[in-house]
Every structure is written in C-alpha cells, then in structure tokens.
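Heads up: numbering here begins at 1 and tracks the sequence. Keep in mind that what you see is a predicted model, and the values were worked out from it rather than measured.
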Amino acid sequence: MLLIFIAALTGCDDNVNDHFALPQTNPQEPVQNVEGFTLSLGSSCTAPILFKDLDDATLLEVAKLTDHPELTEGDTINLEVEVSKDETFTQAVPLPCSVKNGTASVTAGELEEVVKEIYGKAPYARTIYTRATIYIVSHTSAIALPEKITLGKIEATPEALFIDTAYYLIGDVNKWNSEALIKFGHSGKDVYEDPVFSMIVEMPKDECYWKIIRKHSASCVFFPPLFLPTFVASL
C-alpha cells in the first residue's frame with residue numbers, strides 16, 4: 001500500500017508540471033548613457049535673420065548635436081525645440097522642426113510665423129530664446145533626457161511693408177494748408193494688427209482734389225499694390 005501511495009503522488013506531480021509552464025524571461029538590454037550630450041545653436045541662427053531676404057522654404061539650422069556618447073545599437077536621437085520671448089520660458093512655443101543626423105531645422109516661413117505669434121507682425125528686430133529636449137529613440141519608444149538644454153537667442157525681423165502711426169488728408173477741403181491737416185481716425189492699437197484708418201469730412205464742392213500725407217513724411221504717400229493700410233473716407 002505504501003508503494004501504491006508513493007506512485008500516486010508521483011503521478012500527481014507529473015500532472016501539475018504539465019499544466020504550469022516555466023515563467024518567461026527577457027535578456028537585460030544595454031543601458032544607454034545619458035551623459036555627454038552637447039547641443040549648440042545652429043549656424044543659420046547665429047547672425048541676425050531678415051526674413052525679407054529669405055524664401056519661405058529656406059531651411060534654417062536651429063540646433064545641432066555636436067557631441068554624444070556611443071548609442072546602443074539601433075537607437076537614434078530626436079530633438080524638440082522651443083522658443084520664448086524671455087529666458088524663463090514661461091510661455092514657451094514649440095518650433096516645428098525636422099530632425100536629421102542630430103540637426104534640427106525649420107523653414108524661414110515657419111520661424112517667421114512663430115516670431116509673429118510671439119511678438120506681432122511689426123517689422124522690428126525681435127529676440128527669441130531657444131532651448132531643446134533630447135530624446136533617445138529605441139524601436140517604438142522614446143526617452144527624454146531629464147534636462148532641457150538652453151541654446152541661446154536668435155535675432156529675427158519679420159517682413160512687412162511700413163505702416164505709419166498716423167495719416168492726414170490735405171486738399172481742396174482745407175485749401176491745401178499744411179497747418180490744417182485733417183487726421184484719419186484709428187483705434188490706437190498696433191497699426192500692424194489694425195491697419196484701418198478712417199474719417200468723415202464734408203467737401204466744399206462736387207469735384208475736389210486731395211492727397212494723403214503720413215505722419216513721418218512731408219510728401220504725399222504713394223501706395224504700392226500690396227500696401228497694408230486701409231483708408232475709409234466718407235467725403
């Protein structure tokens with residue numbers, strides 16, 4: 001009976017092992033070193049940028065990886081760039097960059113739109129601060145390095161035709177008297193955000209001649225086809 005009991009236990013053990021597979025294990029992948037990465041401001045952005053001299057499709061190098069540790073086989077590097085009007089980056093704006101071989105680039109048109117988003121459309125030299133985040137991309141996952149890297153500042157001037165802060169009417173209505181100019185009304189906002197000037201004036205006769213004079217010019221204004229201001233006058 002004792003032999004039968006031992007045989008029964010042995011049979012049970014065999015059945016249990018048949019129903020429970022050994023736990024799966026995966027080999028430990030190599031750990032990527034996160035130190036030794038160096039980024040610098042791209043060569044296209046170290047000198048002042050005048051967008052009027054560039055085509056919208058011109059590629060500008062914003063950030064460049066100048067040094068990095070040896071990557072684990074199959075890993076690549078991606079960069080995300082942000083810009084801001086101050087060094088605190090409290091209102092950081094992402095820059096739509098393309099990344100290739102450790103270099104982040106943006107088109108002149110896209111960079112100009114970001115500058116206008118931050119500062120407005122006025123064609124004044126603007127300073128934007130830049131920083132980047134480095135990602136180590138492994139297969140389908142990406143790990144961000146813990147620290148954002150400050151790259152420096154870019155000076156850029158948006159393209160826009162000149163709009164003065166005030167315009168005046170001169171003609172038969174004021175007897176061409178430069179001391180009695182009639183000023184166009186305006187909202188008082190940035191003229192590049194609101195380029196509409198208007199007035200209502202009563203003309204002394206049916207047929208009158210008139211010209212428009214801008215504030216910072218002693219001569220009349222010539223308006224090219226793409227001139228931005230809009231004049232609304234009821235005469």
Identify all side-chain donor-acceptor contacts of residues 42-52 below 3.5 Å with residues at least two apart in sequence or on another chain.
unit_1, atom_1, unit_2, atom_2, d
Ser43, OG, Glu61, OE2, 3.3
Ser44, OG, Glu61, N, 3.0
Thr46, OG1, Ser43, O, 3.1

What's the spacing between [X] [atom1] and [Y] [atom2] if we round to 0.5 Å?
X	Y	atom1	atom2	result
Lys100	Leu79	NZ	CG	14.5 Å
Leu60	Ile154	CG	CD1	8.5 Å
Lys116	Lys121	NZ	NZ	7.0 Å
Tyr124	Tyr192	OH	OH	5.0 Å
Lys215	Thr165	NZ	OG1	4.0 Å
Glu87	Arg131	CD	CZ	12.0 Å

Would you find more than 12 non-hydrogen atoms of other residues, nucleotides or ligands less than 6.0 Å from [X] atom [atom1]?
X	atom1	value
Glu193	CD	yes
Asp53	CG	yes
Ile143	CD1	no

Nearest atoms (heavy-atom pairs only) where [X] meets [Y]:
X	Y	answer
Pro204	Cys208	CD-SG, 3.7 Å
Val114	Pro94	CG2-O, 4.5 Å
Ala125	Thr157	CA-OG1, 3.3 Å
Val81	Ala63	CG2-CB, 4.3 Å

Stepwise side-chain contact (heavy atoms from CB on, under 4.5 Å) check, Lys85 with Ile128 | CA-CA 5 Å; Lys85 67 189 305 181; Ile128 55 173; 5.8 Å; no
Do Thr103 and Leu65 pass the side-chain contact (heavy atoms from CB on, under 4.5 Å) test, and can you show the C-alpha distance, the side-chain angles, and the key distance before you say yes or no?
-> CA-CA 6 Å; Thr103 298; Leu65 191 67; over 6 Å; no
May I ask you to decide if [Y]'s main-chain N or O and [X]'s side chain share a donor-acceptor pair within less than 3.5 Å?
X	Y	answer
Glu82	Thr130	no
Asp172	Tyr209	yes
Asn174	Gly171	yes
Glu112	Glu159	yes
Ser138	Ser141	no

Check the pair Ile136, Leu145 against side-chain contact (heavy atoms from CB on, under 4.5 Å), reporting the backbone distance first and the verdict last.
-> CA-CA 8 Å; Ile136 300 175; Leu145 268 62; 3.9 Å; yes
Residue pairs passing the side chain to side chain donor-acceptor pair (under 3.5 Å) test where at least one lies in residues 179-190, sequence neighbours excluded = Ser187-Asp194
Dump the intermediate steps for side-chain contact (heavy atoms from CB on, under 4.5 Å) on Leu181 and Leu169, then the final yes or no.
-> CA-CA 6 Å; Leu181 298 176; Leu169 185 70; over 6 Å; no
Any non-hydrogen side-chain atom of [X] less than 4.5 Å from a side-chain atom of [Y]?
X	Y	result
Val62	Leu95	yes
Leu59	Val106	no
Ile149	Thr38	no
Thr107	Leu111	no
Arg126	Glu155	no
Ile77	Val137	no
Ile182	Ile170	no
Ile212	Tyr168	no

Return yes if a side-chain donor-acceptor contact under 3.5 Å exists between Asp86 and Thr88, otherwise no.
-> yes
Give a yes or no on whether Leu41 and Ile134 share a hydrophobic cluster (residues Ile, Leu, Val, Met, Phe, Trp, Tyr; joining criterion: side-chain heavy atoms under 4.5 Å apart).
-> yes
Does Leu54 share a hydrophobic cluster with Tyr119, counting links as ILVMFWY side-chain heavy atoms below 4.5 Å and allowing steps through other members?
-> yes
Remaining members of the apolar cluster that contains Phe89, side-chain heavy atoms under 4.5 Å = Tyr129
For this output row, return yes or no: ring centroids of Tyr167 and Phe184 closer than 6.0 angstrom.
-> no
Please assess Lys64 against Ser40 for the test side-chain hydrogen bond (donor to acceptor under 3.5 Å, both in side chains), listing each intermediate value before the final yes or no.
-> CA-CA 5 Å; Lys64 186 176 182 63; Ser40 65; over 6 Å; no
